[in-house]
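Note sheet for the following structure.
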Protein chains: 2
Amino acid sequence: MGTKQQITERIGSLLRESKLSVTETRTRILELFMKSSGALEHSDFEKLAGKSFDRVTVYRTLQTFLDKGIIHKIPTTDTSVRYALCKSECSEHDHHDHHIHFKCEECGNTICLEETDVPQIHLPKGYAAHNVEVVVSGVCKSCK
Amino acid sequence: MGTKQQITERIGSLLRESKLSVTETRTRILELFMKSSGALEHSDFEKLAGKSFDRVTVYRTLQTFLDKGIIHKIPTTDTSVRYALCKSECSEHDHHDHHIHFKCEECGNTICLEETDVPQIHLPKGYAAHNVEVVVSGVCKSCK
DNA sequence: ATTTAATTTGCAACATTGTTGCAAATTTAT
DNA sequence: ATAAATTTGCAACAATGTTGCAAATTAAAT
């Protein structure tokens, strides 16, 4: 994971690559993503940071990160949306998850299973698939 | 699909089987589900009905239907949640979708593809799967 | 068919979540 | 160091979801 200094460096490059100003809020939100083991909900950001962020800024920051392909959304059956960092293969105009998501019913954590490919789905005739979202729920490694 | 009379009959039985009172609101919400080709969002109910429902009643009615296994939720990456009727194999205590969902990017409609089975997912060691949600997005039959 | 008991509904009030405009502050470019 | 561009925080608002409670409706009992 690297020292705090190194992480800050990496975040800086990431933001500059995406042609975004390097601001404190953006840096701290990306830090939270990197520190966290799983996906984050919107409400997490207002809590997780020592000093709390402005709600509006968080909304705008997450939207910006989505636009730039830095993070992706994970669908849920409740009202919340969860966000996780994208791997390097994502970019502003080519933004696909090639992995599935796992939600643990015990700890509530949602994680990206990078090693697990999205399955091929054979749709009925006449349907064209652009994207496949898979969310598995169950019990995770740590909760077993 | 049957006459309006027959539908009302069927809805009555469905409610009684689930040990729910047969009320006007419940009947009309189930009618909307039966008439509709796809999944419904919460906001649809307040619009779709000629005379509008009370918001609170809709929330409570949908929750009741979920509890009884009459409808199921479909996950989305936006804040909304969509609901669709369950087939007969669902019940109060055994409530699984054995099908996948398709969201059309053109018409915005979400439908259940009953014929298309949920794929087997091979999780990494240590993970136990209880449920698998698959939502495919793309272009549907009618919009092609 | 009435009456009673249980359930459901609608309203008010509130809590949470998400959005927009704009001035002040910060960051980047010169 | 200064100017230009971007980002932030605040206020105000809109939309969405929740809770308690009295009135209305439905189901059950006589």
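What's counted below: heavy atoms across the whole structure, side chains too, no hydrogens, waters or symmetry copies. Note on naming: letters A, B, ... go to the chains in the order of the sequence lines (proteins, then strands), and numbering restarts at 1 for each one.
Between the R82(B) side chain and the T76(B) main chain, no donor and acceptor come within less than 3.5 Å of each other. Checked by atom type and distance alone, the side chain of H72(B) pairs as donor or acceptor with a backbone atom of A84(B) at under 3.5 Å.
For R55(A) and dG18(C), a side-chain-to-base donor-acceptor distance below 3.5 Å is present, hydrogens and geometry of angles not being considered. Within 3.5 Å, a donor on the side chain of R60(B) pairs with an acceptor on the base of dG10(C), or the reverse.
dG17(D) atom C1' lies 13 Å from atom CG of D54(B), rounded to whole Å. Taking atom CG on L15(A) and atom C1' on dT27(C), their separation rounds to 12 Å, with Å as the unit. Going from atom CG of L62(B) over to atom P of dT9(C) covers 11 Å, rounded to whole Å. The distance between atom CD of Q63(B) and atom P of dT16(D), rounded to the nearest whole Å, is 18 Å. Put simply, OH on Y59(A) is 12 Å from C1' on dA14(D), counting in whole angstrom units. Taking atom CZ of R28(B) as the reference point, atom C1' of dT26(D) lies 17 Å away to the nearest angstrom. Note: NZ (K19(B)) to C1' (dT7(C)) measures 16 Å, nearest angstrom. Residue E41(A) contributes atom CD, which lies 14 Å from atom P of dT16(C) at whole-angstrom precision.
Closest to the T79(A) side chain, of the nucleotides dA27(D), dG17(D), dT27(C), is dG17(D). Closest to the side chain of S21(A), out of dT9(C), dT7(D), dT20(C), is dT7(D).
Heavy-atom distances to DNA chain D give each of V56(B) and V22(B) a nearest nucleotide, and the one nearer the 5′ end belongs to V56(B).
Ring geometry, H42(A) versus Y59(A): the interplanar angle falls under 30°, so the pair is classed parallel (tilted spans 30 to 60°).
At a threshold of 4.0 angstrom between heavy atoms, the contacts of S43(A) with the nucleic acid are absent.
For the ring pair (Phe, Tyr, Trp, His ring centres under 6.0 Å) with F33(B), the qualifying choice from F45(B), Y83(B), F65(B) is F45(B), the only one to do so.
Hydrophobic clustering places L123(B) together with V134(A) (ILVMFWY residues linked when any side-chain heavy atoms are closer than 4.5 Å, directly or through intermediates).
Look at T23(B) and you won't find any side-chain N or O under 4.0 angstrom from OP1 or OP2 of dT26(D).
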